[in-house]
Amino acid sequence: MTPNRKLIRIHPSDNVAVALEDIEAKERLQLGGLDILILERIPRGHKVALADFKEGEDVIKYGSPIGHATRPIKKGDHVHVHNLKTNLEGLLEYTYKPQKTERGKGSGCRTIEAYVRENGDIGIRNEIWIINTVGCINRTAENLARAANALYAGRNFDGVYAFPHPFGCSQLGEDHFKTQSILADLVHHPNAGAVLVLGLGCENNHLKEFKKILGEVNPGRVGYLNIQDAEDETEEGLKIIGRLVEYAEGFKRERVSASKLRVGLKCGGSDAFSGITANPLVGAFSDQLVDWGGTTILTEVPEMFGAETILMNRCIDEGVFQKCVDMINGFKKYFMKYGQAIYENPSPGNKEGGISTLEEKSLGCVQKGGTSSVVDVLDYGERVKRPGLNLLYGPGNDMVAVTALAAAGAHMVLFTTGRGTPWGGPVPTVKIATNSDLALRKKNWIDFSAGGLLEGKEMDELKEELVDFVLEVASGRRTKNEENGFREISIFKDGVTL
């Protein structure tokens, strides 16, 4: 990958290059021995043809096809949705062709300051969470959190937080179980020093039923309140939270191995630089954490379509490979069940930023997983069991995906973006800009910039800076979403509403 001032060719076999800035028609540029006369304006982040294409000929980026030309394209032309179409269609059959990566474990592992829980797990925050069983009491939970933060201000914990959602009632079967599973996972999350489970009393997911899904918990850490049974739910809730605060205050930060970290990997508002800067940078971080014996979790299944074999062939064995196949084809069947085209992606914002096809988006997206072997594939609502790189069933939607990553056990999420978002999940959500312009314009949103990779900085140097930043966040440094108070959840719904 050798950029000149205005163009970058990502892989030696690519027959398109990416514009690093707006390029006007009639400009003549040199790139790797090629002389290119630009025939039309190429917006920043968009592709320019490095050769003539016949109709039907594959367009190559990242060293792989990202679609085919729908009409003849001349060298120097703009290559985008007007003359490029996906090669993808329907369900596919896959063959396991192992390409496992042997990585070192533990060498040079660093440490963080975290809270060691009674079960040996760690939390990187020591918060009180209010998890409501049903959406009918969202405002009650939020009002209770507000009152508790005022009442217990100055105490030795990291605040009280509620996470509104619209579900917990009028759902059936698997759809209802998914809601219960995600909420139960959040109750068990180690970033919460203690949890108040707040119920209404008449919902499908009432406390008695939810406890069956929740399983065994420490009664000192988890309190319950059914507000239909309380004369004054705020007064009663504050009493319970007071007891939970006392429990949470028993934990202090202590030095532990960074190998205990679990980090979710996500992108949103991608642009053409996502697969060139921020996603490969996060992939390098993922490999480093896995080398230390830590855990990373990659989701957004629809944004693996077209690049899925890269992940499948890195599965540690045929059992994990088959789970990966089932995950990919299962999500395609989800599209088909609703009569939707499987490959109607990328989004309008992605296209404006220069991404033309799902293969192009996916080849950039999966780079967040680095080069490590895939040790497990998790169902939606399932929690991580094995250290290493895990894949998680879930959509590309930012709110749903980050919630699923947190529910799977991620202590924080690294969120790459080329267009920016203020959003944050229930765990620290580190926004990593793909370009320096975004990082400068939206300093109140962006935590870290990968734009230096377009400006001459080496990957190893920037990776070490990101490692330092992540370890600081794990040890208590607040992210922009935390500073701004942006903490939300969303649950994947796929069923009947009564």
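By convention here, the first residue in the shown sequence is residue 1. Remember, it's a predicted structure, so these values are computed and weren't measured experimentally.
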Phe331 and Phe335 aromatic ring geometry - parallel, tilted or perpendicular at 30°/60° bounds: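 Tilted.
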Over all atoms of both residues, closest heavy-atom pair of Thr111 and Leu471: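 Looking at all heavy atoms of both residues, the shortest contact is O-CD1, 4.3 Å.
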Specify the closest pair of heavy atoms between Val377 and Val320, including all atoms of both residues, with the distance to one decimal.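 For Val377 and Val320, the tightest heavy-atom pair comes out as CG2-O, 3.9 Å.
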Assess whether side chain to side chain contact (heavy atoms under 4.5 Å, CB included) is satisfied between Phe273 and Val18, documenting all intermediate values. CA-CA 9 Å; Phe273 301 124; Val18 178; 4.1 Å; yes
Identified salt bridge (charged side-chain N to carboxylate O under 4.0 Å, His left out) counterpart of Asp121 within the set Arg383, Arg262, Lys260: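 Only one option passes, and that is Arg262.
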Check whether more than 12 heavy atoms from other residues, nucleotides or ligands sit under 6.0 Å from atom [atom1] of [X], and answer yes or no.
X	atom1	value
Lys333	NZ	no
Lys443	NZ	no
Glu461	CD	yes

NZ or CZ of Arg487 within 45° of Phe163 ring axis and under 6.0 Å: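 No, cation not above the ring by the 6.0 Å, 45° rule.
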Check this for me: does any side-chain nitrogen of one of [X] and [Y] sit under 4.0 Å from a carboxylate oxygen of the other?
X	Y	result
Arg221	Glu118	no
Lys332	Glu308	yes
Arg44	Glu21	no

Under the criterion side-chain hydrogen bond (donor to acceptor under 3.5 Å, both in side chains), I'd like the reasoning laid out for Lys47 against Ser356: C-alpha separation, chi angles, the key distance, then a yes or no. CA-CA 9 Å; Lys47 295 175 289 298; Ser356 307; 2.7 Å; yes
Between the side chains of Tyr62 and Gln367, is a donor N or O closer than 3.5 angstrom to an acceptor N or O?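 No pair is found: no donor N or O on one side chain lies under 3.5 Å from an acceptor on the other.
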Just checking, any donor-acceptor pair under 3.5 angstrom between side chains of Thr479 and Asp447?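 Side-chain D/A pair, Thr479 to Asp447: absent.
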Tell me if the aromatic rings of Phe492 and Tyr334 count as close, with their centers under 6.0 Å from one another.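 Yes.
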Verify, without hydrogens or angle tests, whether Asp271 (side chain) and Ser274 (backbone) share a donor-acceptor contact under 3.5 angstrom.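 Looks like yes, one N/O pair under 3.5 Å.
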Verdict with supporting geometry, Asp468 and Arg110, side chain to side chain contact (heavy atoms under 4.5 Å, CB included): CA-CA 10 Å; Asp468 289 345; Arg110 294 175 55 186; 2.7 Å; yes
